[in-house]
Amino acid sequence: MSEHVDNSNFIEQIIDSQIKEKSLEIHTRFPPEPNGFLHIGHAKAFWLNYEIALKYNGKFNLRFDDTNPEKESDVFVKAIIEDIKWLGVNFDNPKNNIFFASDYFDKFYVWALELINKGLAYVDESSPEELKEQRGTPTKAGTNSKYRNRSINENLELLKKMNSGEMRESSAVLRAKIDMSHPNLSMRDPIMYRIKKIPHHRAGNKWNIYPMYDFAHGYEDLIEGISHSLCSLEFENNRPLYNWFLENIETYNRPQQIEFARLNLSYTFMSKRLLKNLIDTNIVDNWDDPRMPTIAALRKRGYTPHSIRRFCKEIGVAKSNSLVDIEFFDYIQREEFNQSAHREMVVIDPIKLVIENYPDDKQEDFYVENIPGNESAGKHKVVFTKELYIERDDFMEQPPKKYFRLSIGKEVRLKYAYYVTCTSIEKDSVGNIIQINCTYDPETRGGDSKDKRKVKGTIHWLSLKSALDIEVRHYEHLFLKENPADISEDENLMDYINTNSMMSYKEAKANPGIIERAKNTISFQFLRKGYYKYDENDDLFHRTLKLKDSWKKIENPK
RNA sequence: UGGGGUGUAGCCAAGUGGUAAGGCAGCGGGUUUUGAUCCCGCCAUGCAAAGGUUCGAAUCCUUUCACCCCAGCCA
């Protein structure tokens with residue numbers, strides 16, 4: 001496996017130049033809102049933050065940005081913690097911690113009072129419609145609210161009433177007093193608090209007002225001592241506001257916000273809303289359905305934390321919007337599995353092969369290398385008999401050119417066993433092939449001929465006598481469009497969902513003992529078929545990904 | 001038509017005034033008892049475009065173009 005040289009990214013370069021000037025304790029955080037499961041896009045953001053903490057021997061916080069009780073729940077908190085641990089964070093290490101923004105609600109309130117007392121915040125009783133009207137547009141300046149110049153005491157009094165429950169939702173908000181004609185819309189007197197009479201998953205019924213992101217986030221960073229607050233590009237517009245809140249309270253330390261491009265992957269999308277929609281419409285089973293781009297799904301499907309980390313590292317971090325080819329992710333994962341996955345001969349879609357000249361009751365043992373070229377990984381036994389299973393698509397009645405597998409009159413190698421030549425086939429009443437007959441060459445025992453006669457194809461097989469029935473599931477892209485961003489606004493993303501993205505093979509055949517052997521390997525490579533993960537809960541095998549296959553391209557030339 | 005960003009190969013991406021890294025994909029060849037792996041070779045006279053500065057420009061200046069983000073009491 002080639003571990004490539006890692007160039008430091010632009011954020012690390014910024015940090016490097018800062019620590020050259022003065023010593024700095026590096027402290028990063030990954031701040032998901034617990035309103036859904038983490039997906040591969042979150043993994044990029046997480047690893048960016050965590051790698052920096054590791055690189056500079058700093059600290060890392062997993063922080064739940066739970067400032068909106070409407071969509072958040074404890075279920076998601078638990079799932080996110082599990083995912084982050086699985087990705088590789090050990091929270092027993094004191095450098096890694098878990099925090100909740102909701103634990104800071106008291107402090108936010110104190111800072112809100114401070115801003116009111118400085119004449120920098122006011123309670124606005126305009127309606128949502130009036131607020132929208134006041135904001136103006138990108139090209140038109142906003143207008144001041146008639147409540148903008150209330151007295152400090154009146155503001156203090158009203159904020160207290162907002163939180164006491166005496167005021168109904170949407171009847172008032174607390175706003176920062178900045179500049180209604182600012183060219184940056186996020187600076188036009190943004191809302192700090194809104195009334196929501198909803199219990200919070202941690203704070204319970206204590207609050208009737210909840211802080212908005214822009215008001216809260218910098219303070220969360222400040223409280224935790226974050227040095228670099230890394231977020232995605234769409235928050236560039238919010239940075240002046242992030243700084244404004246920090247600059248207008250008494251503090252010494254100021255975290256620095258730096259933005260980077262979020263991850264987009266071809267043939268998938270990261271919108272939590274859309275993912276949830278797939279679950280609600282039963283297109284997928286749940287957040288951890290193996291077709292989902294969530295961390296829980298990747299785990300279930302068989303992707304590894306090591307490969308997810310390496311993928312996040314290899315794609316780099318920059319400020320330009322990009323669409324990473326999902327193929328690259330699979331390439332990274334294959335590179336790991338090729339070194340570590342134990343091989344098995346498994347027939348996914350079986351058809352019977354009978355060796356006419358092989359004795360009826362004869363049985364021979366052959367041995368499959370667990371990892372080719374790696375003696376220490378050992379071998380496992382397979383038995384060979386007259387009646388075998390092979391893969392249905394390893395025979396073709398009308399083979400195209402360059403088809404290396406079986407057809408009438410053609411010779412192939414049964415891996416590890418013998419050369420066989422197809423003599424005839426048998427069909428049922430409707431014309432389906434139900435059996436393939438062939439003869440074997442006893443001189444080719446072990447799969448090598450004494451006369452050095454070459455055979456183009458080598459196929460895998462299983463003895464009918466000992467085959468174990470297993471279920472195997474194959475997956476395709478959930479999404480039909482390479483780039484979800486290409487879909488226009490008046491189209492529905494759901495129209496591009498691949499509703500046949502899962503194929504179940506319930507009569508796949510495996511060698512006995514495979515379930516036991518699953519304990520010895522992180523994942524299997526089923527020869528010529530791909531990498532598979534055994535799922536103990538459902539007693540089946542998920543195909544994580546296919547092997548690279550140049551034959552497919554010959555078969556279906558563009 | 002306002003503000004904030006970004007443009008280097010099919011896809012990522014390095015490069016920070018000294019003459020275009022690397023990876024993926026692709027193509028050609030070799031090895032191979034997995035059409036896998038592995039190995040070798042090819043793949044930007046060119047850096048969104050046009051001008052300019054300079055001995056020298058992807059890097060500096062000017063103009064233009066394209067794309068992304070912002071008008072939630074979401075984050």
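Just so it is clear: chains get the letters A, B, ... in the order the sequence lines come, proteins before strands, and each one is counted from 1.
- Separation of the A:Tyr367 and A:Tyr416 ring centroids does not fall under the 6.0 Å cut-off.
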Determine whether A:Ser307 and A:Glu336 satisfy the following criterion, side chain to side chain donor-acceptor pair (under 3.5 Å), listing intermediate values before the conclusion.
CA-CA 7 Å; A:Ser307 285; A:Glu336 179 188 344; 2.5 Å; yes
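- The NE2-C1' distance, from A:His217 to B:A75, rounds to 9 Å in whole Å.
- Residues satisfying the ring pair (Phe, Tyr, Trp, His ring centres under 6.0 Å) criterion with A:His217, sequence neighbours excluded, are A:Tyr213.
- Among the nucleotides B:U16, B:A13, B:C73, the one closest to the side chain of A:Gln13 is B:U16.
- Aromatic ring orientation, A:Tyr109 versus A:Trp207: tilted (interplanar angle from 30° to 60°).
- By the salt bridge (Lys or Arg N to Asp or Glu O under 4.0 Å) test, A:Arg543 is found to be paired with no residue, residues two or more places apart in sequence or in another chain being considered.
- The list of salt bridge (charged side-chain N to carboxylate O under 4.0 Å, His left out) pairs with a residue in residues 231-241 of chain A, not counting sequence neighbours, reads A:Glu234-A:Arg262, A:Glu236-A:Lys319, A:Arg239-A:Glu259.
- For A:His474, the ring pair (Phe, Tyr, Trp, His ring centres under 6.0 Å) criterion is met by A:Tyr505, A:Tyr532, not counting sequence neighbours.
- Atom-to-atom, CD1 of A:Ile209 to C1' of B:C74 comes out at 18 Å; the value is rounded to the nearest Å.
- Applying a 4.0 Å cut-off to non-hydrogen atoms, the residues of residues 30-40 of chain A that approach RNA chain B are A:Glu33, listed by residue number.
- Regarding A:Arg343, its CZ atom lies at a distance of 11 Å from the P atom of B:U34, rounded to whole Å.
- With rounding to whole Å, A:Leu547 atom CG is found 19 Å from B:U32 atom P.
- Residue side chain A:Gln339 does not reach the base of B:U37 through any donor-acceptor N/O pair under 3.5 Å, judged by distance alone.
- One can place CD of A:Glu314 at 12 Å from P of B:A14, the figure rounded to the nearest angstrom.
- Judged as a ring pair (Phe, Tyr, Trp, His ring centres under 6.0 Å), and not counting sequence neighbours, the contacts of A:His39 are A:His42.
- For residues 180-201 of chain A, the salt bridge (charged side-chain N to carboxylate O under 4.0 Å, His left out) pairs, not counting sequence neighbours, are A:Glu70-A:Lys196, A:Arg148-A:Asp189.
- The C1' atoms of B:U62 and B:G26 are separated by 40 Å, rounded to the nearest whole Å.
- Atom P of nucleotide B:G35 and atom NZ of A:Lys410 are separated by 14 Å, given to the nearest angstrom.
- Within the 4.0 Å cut-off from OP1 or OP2 of B:C11, not a single side-chain nitrogen or oxygen of A:Ser266 is found.
- Judged as a salt bridge (Lys or Arg N to Asp or Glu O under 4.0 Å), and not counting sequence neighbours, the contacts of A:Glu224 are A:Arg63.
- B:G22 has its base anti relative to the sugar, with a glycosidic angle deviating from 0 by more than 90°.
- Taken residue by residue, residues 230-246 of chain A places heavy atoms nearer than 4.0 Å to RNA chain B at A:Glu234, A:Phe235, A:Glu236, A:Asn237, A:Asn238.
- Distance from the side chain of A:Pro183 is smallest for B:G3 among the nucleotides B:A71, B:G3, B:G72.
- Evaluation of atom-type donor-acceptor distances gives no pair under 3.5 Å for the side chain of A:Ser186 against the base of B:C70.
- For A:Asn68, counting side-chain heavy atoms from C-beta on, the closest listed nucleotide (B:C70, B:C74, B:A13) is B:C74.
- Taking the side chain as every heavy atom from C-beta outward, A:Phe526 and A:Arg343 never approach each other to under 4.5 Å.
- Residue A:Phe328 has its side chain nearest to B:G23 when only B:C12, B:G35, B:G23 are considered.
- RNA chain B is contacted by both A:Thr137 and A:Asp214; A:Thr137 maps to the nucleotide lying nearer its 5′ end (nearest heavy atom per residue).
- Residue A:Trp551 and nucleotide B:G35 are classified as a stacked aromatic pair, their ring centres being separated by less than 5.5 Å at an interplanar angle below 30°.
- In the set B:C68, B:C73, B:U1, B:C68 carries the atom at the smallest distance from any side-chain atom of A:Asn321.
- Among the nucleotides B:G3, B:U6, B:A14, the one closest to any side-chain atom of A:Asn184 is B:G3.
- Atoms CZ (A:Arg262) and C1' (B:G5) sit 15 Å apart, rounded to a whole Å.
- With sequence neighbours excluded, the residues that form a salt bridge (Lys or Arg N to Asp or Glu O under 4.0 Å) with A:Lys381 are A:Asp365.
- Between the CG atom of A:Asn338 and the P atom of B:G35 there is a distance of 14 Å, given to the nearest Å.
- For A:Asp16, the salt bridge (Lys or Arg N to Asp or Glu O under 4.0 Å) criterion is met by no residue, not counting sequence neighbours.
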Could you list, one pair per line, each protein nitrogen or oxygen that sits under 3.5 Å from a nitrogen or oxygen of nucleotides 25-28 of chain B, together with the distance?
{"unit_1": "B:G26", "atom_1": "OP1", "unit_2": "A:Lys553", "atom_2": "NZ", "d": "2.9"}

